[in-house]
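Working notes for the structure below.
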Number of protein chains: 2
Amino acid sequence: MSRTPHHPTRDQIELPMVLDCLSDPIRLAIVYQLAQQERVSSELRCSDFSALSGKSNLAYHFAKLRECGLMQTRIAGTNRFMRLRREDLEARFPGLLDAVIKSAAKDADRLPLVSGCDLIEVDRK
Amino acid sequence: MSRTPHHPTRDQIELPMVLDCLSDPIRLAIVYQLAQQERVSSELRCSDFSALSGKSNLAYHFAKLRECGLMQTRIAGTNRFMRLRREDLEARFPGLLDAVIKSAAKDADRLPLVSGCDLIEVDRK
DNA sequence: TCGATAGTTCAATCAATCTTGAACAAATGG
DNA sequence: CCATTTGTTCAAGATTGATTGAACTATCGA
């Protein structure tokens, strides 16, 4: 098993892959939840997303989000801490991530997985 | 055969469907080409996209673009005129379509189907 | 060292997607 | 009225995608 999961460089981030990644309701909810939590902390653990799906299915979606350059994973002990690659995405596709997140927020009532995200409270550490 | 193809109402446009539609290279190129041509005319015919794929495959992608609310089709004789539903999309997801189109423009050299679009000249009518 | 915890990887299944070509429908123009 | 043009629809195939549970790896705490 690789010690550190593979991440594309900023330059390797591709638009169709990013859009495809964001088009899945579970992955959109993951990104949205990360974005919502950013004002508190820039990172969340895998288990913070357990409301969205089962462990192995989440691992599958996390891998997709990493491979397309939307997310970065930092390993710390048995935990994986995820954060959005905001700067890289803004450099590659200015305004895109914000527009998607705002659109998801606007439509939260239609996106059940997204609307559940706001309720999560982070009070650890 | 239905006289007028089905189009969702503005309110029925869904974010995941829009993102998924835009994640396909051929559909992204169609949208990009429509956007580029907008300063000349807001409409293009199906055959204007023949460089992107074969007829039946294009019809498949046109249907997808219509069903997700990105495009509108107007029938005139044997021609179908397509245009972007800019106002509806802006109302539903402000800034999203522009961000995608600008991202595609920025990456045109990496998106072969997109980069070919700028060359098309409209001198009919 | 021994469990318990946190995630990943694998294999299998099921569904969705893209692509192609052939057949079809509708309007145009001679 | 017939051939042409324009575009859709259908059926088939190949590919990709999502989901599940079981097995696995690695780390931490007692």
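Every heavy atom of this structure was used, including side-chain atoms; hydrogens, water molecules and symmetry mates were not. Every chain is numbered from 1 and lettered A, B, ... according to where its sequence line falls, protein lines coming before strand lines.
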Short side-chain to backbone donor-acceptor contact, [X] and [Y], under 3.5 Å:
{"X": "H7(B)", "Y": "T73(B)", "value": "yes"}
{"X": "D107(A)", "Y": "R110(A)", "value": "no"}
{"X": "R92(B)", "Y": "I13(B)", "value": "yes"}
{"X": "S42(A)", "Y": "E38(A)", "value": "no"}
{"X": "Q37(A)", "Y": "L34(A)", "value": "no"}

Tell me the interatomic distance from [X], atom [atom1], to [N], atom [atom2], rounded to whole angstroms.
{"X": "R80(B)", "N": "dA25(C)", "atom1": "CZ", "atom2": "P", "result": "14 Å"}
{"X": "F49(A)", "N": "dG7(C)", "atom1": "CZ", "atom2": "P", "result": "10 Å"}
{"X": "D20(A)", "N": "dT17(C)", "atom1": "CG", "atom2": "P", "result": "11 Å"}
{"X": "M82(B)", "N": "dT8(D)", "atom1": "CE", "atom2": "C1'", "result": "11 Å"}
{"X": "D24(A)", "N": "dT17(C)", "atom1": "CG", "atom2": "P", "result": "11 Å"}
{"X": "N57(A)", "N": "dG7(C)", "atom1": "CG", "atom2": "C1'", "result": "13 Å"}
{"X": "R45(B)", "N": "dT28(C)", "atom1": "CZ", "atom2": "C1'", "result": "13 Å"}
{"X": "I75(A)", "N": "dT8(C)", "atom1": "CD1", "atom2": "P", "result": "8 Å"}

Considering just the side-chain nitrogens and oxygens of [X], establish if one lies under 4.0 Å of OP1 or OP2 belonging to [N].
{"X": "H61(A)", "N": "dG17(D)", "result": "no"}
{"X": "N79(B)", "N": "dG7(D)", "result": "yes"}
{"X": "S47(B)", "N": "dT5(D)", "result": "no"}
{"X": "R27(B)", "N": "dC18(C)", "result": "yes"}

N/O donor-acceptor pair, side chain S56(A) with base dG21(D), under 3.5 angstrom: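 Counting by modelled atom types and ignoring angles, a donor-acceptor contact under 3.5 Å is found here.
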Sub-4.0 Å heavy-atom contacts from residues 62-71 of chain B onto DNA chain D, ordered by number: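 Listed by number, they are F62(B), R66(B).
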Given [options], the nucleotide with the shortest approach to the side chain of [X]:
{"X": "Y60(B)", "options": "dT20(D), dT17(C), dC28(D)", "value": "dT17(C)"}
{"X": "K55(B)", "options": "dT5(D), dT8(C), dG7(D)", "value": "dG7(D)"}
{"X": "C46(A)", "options": "dT5(D), dG7(C), dT8(D)", "value": "dG7(C)"}

Non-neighbouring partners of Y60(B) that pass ring pair (Phe, Tyr, Trp, His ring centres under 6.0 Å), sequence neighbours left out: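 Y60(B): no ring pair (Phe, Tyr, Trp, His ring centres under 6.0 Å) contacts found.
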Touch class at under 4.0 angstrom, heavy-atom based, for L58(A) against every strand present: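 No contact.
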Within one Ile-Leu-Val-Met-Phe-Trp-Tyr cluster: L28(A) and I26(A), side-chain cutoff 4.5 Å: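 Result: yes, single cluster for both.
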